[in-house]
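Both backbone and side-chain heavy atoms feed into the values below; hydrogens, waters and symmetry mates do not. A note on names: the letters A, B, ... follow the listed sequences, proteins ahead of strands, and every chain is numbered from 1.
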2 protein chains.
Amino acid sequence: MVTIRDVAKEAGVSVATVSRVLNETGYVHEDTRKRVMDTMKELNYSPNEVARSLYKKKSKLIGLLLPDITNPFFPQLARGVEDEMQKQGFRLLFGNSDEQPEKELDYIHTFVQNNVVGIISATNHTSKTNYQDLSIPVVFLDRTSNDYPSVYADGKEGGKIAAEEMVRRGSKRITLLKGPAHIQPAQDRFQGALEYLSQSNVDFHVIATTSFAFEDAEKWAKELFDTYPDTDGVLASNDIVATAVLHEALRLGRSIPTDVQIIGFDDIPQSSLLFPSLSTIRQPAYEMGKEAAALLIKLMRKEPVQQKHIQLPVTFIKRETTREVEIND
Amino acid sequence: MVTIRDVAKEAGVSVATVSRVLNETGYVHEDTRKRVMDTMKELNYSPNEVARSLYKKKSKLIGLLLPDITNPFFPQLARGVEDEMQKQGFRLLFGNSDEQPEKELDYIHTFVQNNVVGIISATNHTSKTNYQDLSIPVVFLDRTSNDYPSVYADGKEGGKIAAEEMVRRGSKRITLLKGPAHIQPAQDRFQGALEYLSQSNVDFHVIATTSFAFEDAEKWAKELFDTYPDTDGVLASNDIVATAVLHEALRLGRSIPTDVQIIGFDDIPQSSLLFPSLSTIRQPAYEMGKEAAALLIKLMRKEPVQQKHIQLPVTFIKRETTREVEIND
DNA sequence: TTGAAAGCGCTACCAA
DNA sequence: TTGGTAGCGCTTTCAA
């Protein structure tokens, strides 16, 4: 390993001078600068980030905490974060929490131990206790917060739009799948849909669910058509659940969207590949990741930010699990 | 931030002693050990990993380099790696290379600058030049290598099995989608299929493809049925491409699997959710990730490893894009 | 059984 | 314009 001393010796200068050309701070004569640069190249030197981090008490690392990267919604988020961070010279320390407070705590802890300069967290389970003692900026992603900067999609509006489209497209007996109670975005979209349906003149039922796993979703789907066989419209808490409902409906011989309409949430990549392809409310996951990264960077640089809570719009993606309507479609 | 000095002062001992109880090295009297432990708890002390890393020239970080986490095959891999690493106390520095040599080089570089103790790389594009100067162990994942330890699925066998099943299930005019030339696993499965088909008595064609992106795959799919309209069996280079072929076949009114059989590769999560669900060759992605992590850990600990090249078996997953056969099915 | 002190590679201060 | 040096928080000799 070649250190700053080696470069200094080889170039016939002090380590201080090498440090100066390295960081472009202070005065360095052009000639010596060139000489130092040359020897750095010659020796293939590159600074030890750990030593830098120790002295400056800050690294170029940021911590990214997700619930579970194998949930198809999160890779896009992660990629958005990474692309923005990479562009700005930051690297990612990455962990999955599985929405388990201990794991979350543990990762936050090791992030701090490694001098990360900022954290992006997309977890939902825990209260703010994990984060309040931190001296570094934190941005919550896919989750709102009064206490911390956050980037999220307008879940409530999304729920409303979904309900609206479903009613507009003629469903009369709607079943609403309420997502896990501890997942805030799921509750937002549920509330949005609920409010709309409450003041509309259609029948509706609510089924409470507790996870987003496909295997669980298959059970809710069965329960749904068991309990409410005359359902002609399903508002699912996300695309995974919607997919399970679609499967079950098909299995039962229902015609989609003629007998039953289905609207999902998220617009994960596979939703357009289903048959019939899934109508859904799209969250701009990649953009959310990018926005969160950009916000965190501003915060870390102590640049003024007027908007600490960035809400991104959701859009209805009309595909084949909803019917056509004559006007405005 | 509370440091080892603070603990030492508060406990009335030297930093050396605190370090000893921290690392459980050397002699420490039970009483003082207890006292130190108590003050550590009291002050809520936890060691600065950066300082440790600087002194010991090794961290608890490992670098994970993937082509692209938004490709549905990789989240499972990543999760396997993470779960095993997390269990052993290692954390992940994570990056996507997009199969671009510069990005790959850049990430490897910053991994090293941050004192990672090992690297897992699932990239395919570049030669070994990036890795040969490293003093830390490297494990290649989803890729074979003569020079480095590696964990991969038996792609060639997978290709063979796919071809075999397709012929066994009655396809006579098979089209083989050859994956990107620079993606080694794609070439392995292609070779396996090619060898089998060559010595079987069915007609077959080969179409060269250059990416795994769905949008590109849609073009190959169109080209396929344009150029070889009498194709009655498609061996796709992976499930994404298979999905595009499935869509196109359906769009053209072909009956699946009666008119055309399709077999994919990977068994990404969405493959079972398609309609009809996709028959495919399954790679055990999660296990591959775990194996790679376990192997890397052994290597880092300089434990003896008899198997530096771990090949995991692939399996044919019979679903709805292949026909039934009478015997042995 | 304990403590003093050197040193990991770097930055930044102060002096020259 | 440059160099000497203290010190970031920790581990590990070496001596007591």
Side-chain angles (χ1 to χ4, degrees), chain A residues 1-37 39-40 43-61 89 109-117 135-136, chain B residues 1-37 39-40 43-61 89 109-117 135-136:
Chain A
M1 174 190 242
V2 28
T3 75
I4 199 172
R5 298 188 89 83
D6 301 324
V7 176
K9 192 176 296 177
E10 182 71 18
V13 295
S14 74
V15 296
T17 300
V18 178
S19 178
R20 277 189 213 103
V21 341
L22 207 51
N23 298 285
E24 303 183 1
T25 58
Y27 295 97
V28 179
H29 190 91
E30 181 56 24
D31 292 353
T32 67
R33 201 189 67 82
K34 222 162 238 162
R35 188 148 38 92
V36 170
M37 292 288 270
T39 44
M40 289 201 298
L43 299 185
N44 197 20
Y45 168 76
S46 81
N48 182 324
E49 285 298 334
V50 177
R52 283 181 156 177
S53 174
L54 176 61
Y55 183 87
K56 311 198 24 172
K57 294 181 194 298
K58 49 161 66 176
S59 67
K60 286 175 184 164
L61 304 177
H109 190 196
T110 59
F111 288 169
V112 171
Q113 284 184 303
N114 283 284
N115 269 4
V116 301
V117 281
S135 57
I136 51 171
Chain B
M1 174 192 243
V2 28
T3 73
I4 198 172
R5 299 190 89 84
D6 301 325
V7 177
K9 192 176 295 178
E10 182 71 19
V13 295
S14 72
V15 296
T17 300
V18 178
S19 177
R20 281 191 208 99
V21 342
L22 208 50
N23 298 285
E24 304 183 2
T25 58
Y27 295 98
V28 179
H29 191 92
E30 180 55 24
D31 292 353
T32 66
R33 202 189 66 81
K34 221 163 240 161
R35 188 150 38 91
V36 170
M37 292 287 271
T39 42
M40 289 202 300
L43 299 185
N44 197 21
Y45 168 76
S46 80
N48 182 324
E49 286 298 335
V50 177
R52 283 181 154 178
S53 173
L54 177 60
Y55 183 87
K56 313 203 19 173
K57 295 183 195 299
K58 49 161 68 177
S59 67
K60 286 176 183 161
L61 304 177
H109 190 196
T110 59
F111 288 168
V112 171
Q113 284 184 305
N114 283 284
N115 270 3
V116 300
V117 281
S135 57
I136 51 171

Of the listed D:dT2, D:dT11, C:dT2, the closest approach to the A:His29 side chain comes from D:dT2
What is the distance, rounded to the nearest whole Å, between atom [atom1] of [X] and atom [atom2] of [N]?
| X | N | atom1 | atom2 | value |
| --- | --- | --- | --- | --- |
| A:Arg20 | D:dG3 | CZ | P | 8 Å |
| B:Arg52 | C:dG9 | CZ | C1' | 19 Å |
| A:Lys58 | C:dA12 | NZ | C1' | 15 Å |
| A:Glu49 | D:dC8 | CD | C1' | 15 Å |
| A:Ile4 | C:dG7 | CD1 | C1' | 16 Å |
| A:Leu54 | C:dC8 | CG | C1' | 9 Å |
| A:Gln113 | D:dG9 | CD | C1' | 13 Å |
| B:Leu22 | D:dT12 | CG | P | 11 Å |

Can a side chain N or O of B:Ser14 be found less than 4.0 Å away from OP1 or OP2 on C:dG3?
yes
Please indicate whether B:Glu24 has more than 12 foreign heavy atoms, meaning atoms of other residues, nucleotides or ligands, lying under 6.0 Å from its CD.
no
Under 4.0 Å between any heavy atoms, over every strand shown, what does [X] touch: base, sugar-phosphate, or nothing? Just pick one.
| X | result |
| --- | --- |
| A:Thr32 | sugar-phosphate |
| B:Val28 | sugar-phosphate |
| B:Thr3 | sugar-phosphate |

Between the base of C:dT1 and the side chain of B:Tyr27, is there any donor-acceptor pair under 3.5 Å?
no
Return the 5'-most residue of the pair B:Tyr55, B:Gly12 with respect to DNA chain C, ranking by each residue's nearest nucleotide.
B:Gly12
Shortest non-hydrogen contact from B:Val116 to B:Ser59?
CA-OG, 3.7 Å
